[in-house]
Amino acid sequence: MLDTKFILANLEQVRRALEAKGADAHVDLEKFAELDAQRRQAQAENDRLAAEKNKLSKLIGPLMGKLKAAAGDAARAEAQQAIDALKAQGAELDARIQEQAFAFAKAETQQDRMRHWIPNVPHESVPGGKSAADNPVVRTWGEPKRFEFKPKYQYELGEDLGILDCARGAKVAGSGFYFLCGDGARLERALVAWFLDEHRKAGYREVLPPYLVNEKTLFGSGQLPKFLDQMYYANEDKLFAIPTAEVPVTAFHRDEMLAERDLPRKFCAFSACFRREAGGAGADTRGILRVHQFNKVEILKYTTPETSWAEHESLTADAEALLQKLRLPYRAICLCTGDLGFSAAKTYDLEVWAPATGKWLEVSSCSNFTDYQARRSNLRYKPDGGGKPQFVHTLNGSGLALPRIQATLWEHYQQADGSIVVPEVLRPYLGGQEQIEKQP
RNA sequence: GGCGGGUUGGCCGAGUGGUCGAAGGCGGUUGCCUUGAAAGCAACUAGGCUCGCAAGGGCCUCGGGGGUUCGAAUCCCUCACCCGCCGCCA
């Protein structure tokens with residue numbers, strides 16, 4: 001969420017952000033400015049009337065005392081009369097206050113509602129562009145692998161080896177759900193444990209978050225109200241299934257006041273992620289590249305505004321380090337203004353080369369949200385030198401998303417006989433096992 | 001799910017109708033003292049909105065919402081959460 005004053009002072013910049021990220025029928029900046037003027041005008045009048053009313057009420061107290069102490073009917077009647085006169089004045093004010101309060105509430109509510117739909121403003125370093133096609137590659141690592149044989153696709157490898165079962169996933173839950181079996185499930189567990197261990201070594205504190213969260217939590221990270229249709233919802237209990245651990249972990253410190261000396265705060269979290277992917281049918285649906293439930297390890301930071309851009313680079317590097325240790329060729333791209341997410345000010349995507357599929361697959365998305373989520377989450381810190389509370393900056397990235405890592409890993413490490421070599425760093429997590437072979 | 005007790009500032013905690021945005025303490029900032037530190041002493045120290053060039057005002061906020069009242073942290077209703085006991089349960 002952006003600050004109202006910022007929006008009004010930077011109307012053009014906000015307008016450009018809106019246009020780049022996809023204009024929204026909920027937002028009309030002219031109207032927003034108009035509502036702001038209405039709101040302030042109504043508040044000024046309301047406050048003035050309320051002050052007057054407060055003064056009247058304060059006068060009544062002493063008179064009540066006088067009434068109680070009054071000796072004789074005449075004195076009592078006099079005090080009573082004075083009180084009644086004040087009450088009558090108060091009643092008149094009440095009617096006008098109610099009117100102004102209503103006008104104020106109406107303007108404020110409308111303004112707030114609109115504000116909830118205004119996206120974050122891209123950082124000045126974010127390249128312009130309309131779609132994913134315009135995202136520049138900022139660096140590449142490793143060489144795409146060449147095979148002496150015709151490599152198999154991720155879903156063929158998985159199904160042939162017996163480590164992936166999409167048909168039974170569909171039977172049990174529906175399209176977009178799958179079973180990992182045998183060494184496939186074990187490999188997933190190994191990856192998760194290794195990711196978390198690596199992050200812990202890099203200073204991230206591990207948390208295991210709730211998978212169901214309330215509406216306020218989703219509002220805080222920016223999923224609601226805009227992405228309601230992408231969410232699984234348990235109506236009876238008013239709980240949403242998390243689309244990423246970013247959501248509960250960003251809300252970890254919601255409505256809190258941190259101390260500057262405690263920043264940055266770094267967390268890593270494993271969770272299942274649930275996404276309806278409504279309207280996403282068609283592309284990448286074969287196998288496990290786009291599914292309704294998947295596992296992911298997320299890394300996340302709370303920082304001061306001064307350090308967030310440097311922390312963004314290092315967070316991205318932390319995610320990249322995993323790919324390098326797995327020896328998977330990848331590239332980092334910077335999302336252009338048109339491809340940037342709703343809450344993000346800047347995002348790097350990490351894409352791993354899937355040699356059989358012949359595509360770069362996104363396995364991590366590392367973003368700086370500046371104070372956008374912190375404002376929605378009321379998440380502030382007190383500067384060490386004293387002074388007003390400030391909103392923190394929040395950042396997060398995948399480190400990493402499991403299905404696509406499994407898919408690219410299978411494709412990259414496959415051998416002519418259809419088996420898969422286990423990357424060295426993972427072997428200790430699999431009891432020293434060096435390859436995955438066909439299994440029942 | 002049932003009954004009972006709670007929710008007050010960065011934190012702890014007092015406060016049962018006006019003099020309360022709120023005692024006291026902790027923490028923090030500054031000053032004095034000290035070679036330095038500690039201790040001690042003193043002052044300051046909630047947030048949001050708003051008016052104003054500023055100085056400085058005004059309004060709102062004691063978990064959320066609603067009500068009673070001229071006036072609510074305080075009384076009533078309701079929701080959420082926390083603690084305890086009972087029931088059920090991986």
Side-chain angles (χ1 to χ4, degrees), chain A residues 1-9 32-69 79-115 208 210-220 234-240 248 251-263 265 302 304 371 374-392:
Chain A
M1 199 156 59
L2 299 175
D3 180 38
T4 297
K5 285 186 191 126
F6 173 88
I7 297 170
L8 293 169
F32 186 84
E34 203 177 292
L35 284 168
D36 190 68
Q38 281 171 22
R39 187 195 102 241
R40 293 209 321 274
Q41 202 265 329
Q43 182 178 350
E45 184 59 14
N46 179 69
D47 286 0
R48 196 184 61 73
L49 292 167
E52 213 173 307
K53 178 73 193 288
N54 287 342
K55 264 182 215 152
L56 280 182
S57 289
K58 287 221 166 75
L59 291 176
I60 291 180
L63 286 174
M64 293 296 271
K66 210 180 265 183
L67 179 64
K68 272 185 196 154
Q80 187 63 55
Q81 206 171 21
I83 289 167
D84 289 344
L86 287 174
K87 282 194 188 181
Q89 279 183 57
E92 250 172 70
L93 279 172
D94 277 342
R96 292 164 63 195
I97 288 172
Q98 209 160 37
E99 210 175 290
Q100 285 304 321
F102 180 76
F104 171 76
K106 193 175 158 195
E108 192 186 41
T109 307
Q110 283 185 45
Q111 199 185 11
D112 272 350
R113 206 172 289 155
M114 201 179 282
R115 208 153 66 109
L208 186 60
Y211 289 3
L212 297 178
V213 296
N214 58 34
E215 183 177 345
K216 234 177 146 182
T217 292
L218 280 155
F219 176 81
N235 189 48
E236 196 75 2
D237 297 294
K238 298 183 166 53
L239 291 169
F240 296 82
F252 187 79
H253 284 304
R254 169 152 60 79
D255 292 318
E256 290 185 24
M257 185 78 74
L258 304 176
E260 181 177 2
R261 60 182 165 277
D262 293 334
L263 299 174
R265 245 178 211 202
Y302 299 92
T304 61
D371 62 358
R375 188 169 269 116
R376 291 172 88 100
S377 299
N378 185 33
L379 204 179
R380 296 171 299 169
Y381 73 93
K382 256 202 161 121
D384 283 344
K388 288 270 171 198
Q390 306 285 320
F391 288 106
V392 304

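Throughout, a chain's letter reflects where its sequence line sits, starting with A, and its residues are numbered from 1.
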**Q.** RNA chain B-proximal residues of residues 50-60 of chain A, any heavy atom under 4.0 Å
**A.** A:Ala50, A:Ala51, A:Lys53, A:Asn54, A:Ser57, A:Ile60
Sub-3.5 Å pairs of nitrogen or oxygen atoms, protein against nucleotides 26-31 of chain B:
none

Q) Roughly how far apart are A:Leu63 CG and A:Gln80 CD, rounded to 0.5 Å? A) 10.0 Å
(Q) Please check: side-chain N/O of A:Arg254 versus main-chain N/O of A:Leu379, any donor-acceptor pairing under 3.5 Å? (A) no
Q: May I ask you to verify if any side-chain N or O of A:Arg380 is less than 4.0 angstrom from the OP1 or OP2 atom of B:G47?
A: no
Q: Give the rounded distance in Å between these two atoms: CD of A:Gln98 and P of B:C60.
A: 15 Å
Q. Separation of A:Leu49 atom CG from B:C51 atom P, in whole Å?
A. 16 Å
Q.
On the nucleotide B:G48, are OP1 or OP2 found under 4.0 Å from the side-chain N or O atoms that A:Lys5 carries?
A. no
Q: Could you tell me whether A:Arg96 and A:Glu92 have a side-chain N and a carboxylate O separated by less than 4.0 Å?
A: no
Q) Which value, rounded to the nearest 0.5 Å, describes the distance between A:Thr304 atom OG1 and A:Tyr381 atom OH? A) 5.0 Å
Q. Once you round it to whole Å, what is the distance between P of B:G67 and CG of A:Asp94?
A. 12 Å
Q) For B:U50, does either OP1 or OP2 sit under 4.0 Å from a side-chain N or O belonging to A:Arg39? A) yes
Q. Rounded to the nearest 0.5 Å, what separation is found between the OG1 atom of A:Thr4 and the CG atom of A:Leu35?
A. 10.5 Å
